[in-house]
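All figures in this text were calculated on a predicted structure; none of them were measured in a lab.
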Amino acid sequence: MTTTSERRPPKLTAKGRVTRERIVSAAADLIYEHGVHNTNDEKIRAIAGVSGSQMTRHFPTKESLVRAVLQWQAEQIVTDPRIPEGRLDSLAALRLWADTFVAAREALHGGCTFGSLAAELIKGQPSHRSAIAEGFERWQELFLRGLTAMRERGELRAEADPAALTHLLAAAFQGGMLLDQAAGNTTLLRDALHGALDYVESFTPQP
């Protein structure tokens, strides 16, 4: 029988954490460019500058590495420096986030790294479904927390549903990113986000 201590991952030294981060970052870039199936240990080791034993120590299976990549990508979303003070709790903050995000996409086209990986895994590797769901939930929590605060402060009318508006913003963002990737044109992403935010603004109290 496996004990609790055996199920816990070993504690890492500061050097170990840096090495693990380097492996996950390299794997995330390669998986985004080439997909899960076309990314192997040799490519990751070459980019991350680690040995085979280091790879195995941190990630004994490819599944464990892919799960770590999903968690890492979700973390990049919720800690995005474009989010003003880590909060999206006003229309001004939401519009600033949308505009700066679209501007950043102008320089580098491509889909959402988390969404792209999720789409690849969701059918082919259902074992990752819980990690994918958790990642999207963390991301949507940013919208939900901010919209709820706005309604509580009276910046949105009482009939505004923060959960429904969260789903709208998430769909506009994810769908807009996919259209951006397909067309190589941020106009589609900009229109999707601004349309969703215009709908959110329609719930502001009338003077």
Polar side chain donor-acceptor pair, T61 to S64, under 3.5 angstrom: yes

Kindly give the cluster partners of L144, where membership spreads through any ILVMFWY side chain lying under 4.5 Å from a current member. none

Return the minimal non-hydrogen interatomic distance between [X] and [Y], and the atom names on each side.
X	Y	value
V50	M55	CG2-CG, 3.8 Å
A196	A172	CB-CB, 3.8 Å
G16	H58	O-CE1, 3.3 Å
V36	V66	CG1-CG2, 4.1 Å
A160	P162	O-CD, 3.3 Å
L156	L147	CD1-O, 3.9 Å

Look up atom [atom1] in [X] and atom [atom2] in [Y], then write down how far apart they are to the nearest 0.5 Å.
X	Y	atom1	atom2	answer
F59	R20	CZ	CZ	4.0 Å
L165	M150	CG	CE	9.0 Å
T186	L179	OG1	CG	12.0 Å
L94	L193	CG	CG	10.0 Å
L30	N40	CG	CG	8.5 Å
I31	I44	CD1	CD1	6.0 Å

Determine whether Y199 and L91 fall in the same hydrophobic cluster, where Ile, Leu, Val, Met, Phe, Trp and Tyr are linked whenever their side-chain heavy atoms lie under 4.5 Å apart. yes

What about L197 and L188, same hydrophobic cluster or not, with Ile/Leu/Val/Met/Phe/Trp/Tyr joined at side-chain heavy-atom distances under 4.5 Å? no

For [X], enumerate each residue passing the salt bridge (charged side-chain N to carboxylate O under 4.0 Å, His left out) test, keeping only those at least two apart in sequence or located in another chain.
X	value
E201	R95
E159	R157
E33	none

Step-by-step side chain to side chain contact (heavy atoms under 4.5 Å, CB included) determination, Q71 to R67: CA-CA 6 Å; Q71 293 170 345; R67 186 172 292 273; 4.0 Å; yes

Do the non-hydrogen side-chain atoms of [X] and [Y] ever get within less than 4.5 Å of each other?
X	Y	answer
D99	H194	yes
L142	R87	no
V18	K15	no

Run the side-chain hydrogen bond (donor to acceptor under 3.5 Å, both in side chains) test against H167 and tell me which residues pass, sequence neighbours left out. none

Could you list the residues that satisfy side-chain hydrogen bond (donor to acceptor under 3.5 Å, both in side chains) with E141, not counting sequence neighbours? none

Please confirm whether the backbone N or O of [Y] pairs with a side-chain atom of [X], one donor and one acceptor, at under 3.5 Å?
X	Y	value
Q54	S51	yes
T100	W97	yes
K43	A27	no
R57	G52	no

Tell me, with the steps shown, if F203 and R151 meet side chain to side chain contact (heavy atoms under 4.5 Å, CB included). CA-CA 9 Å; F203 285 94; R151 190 177 68 172; over 6 Å; no

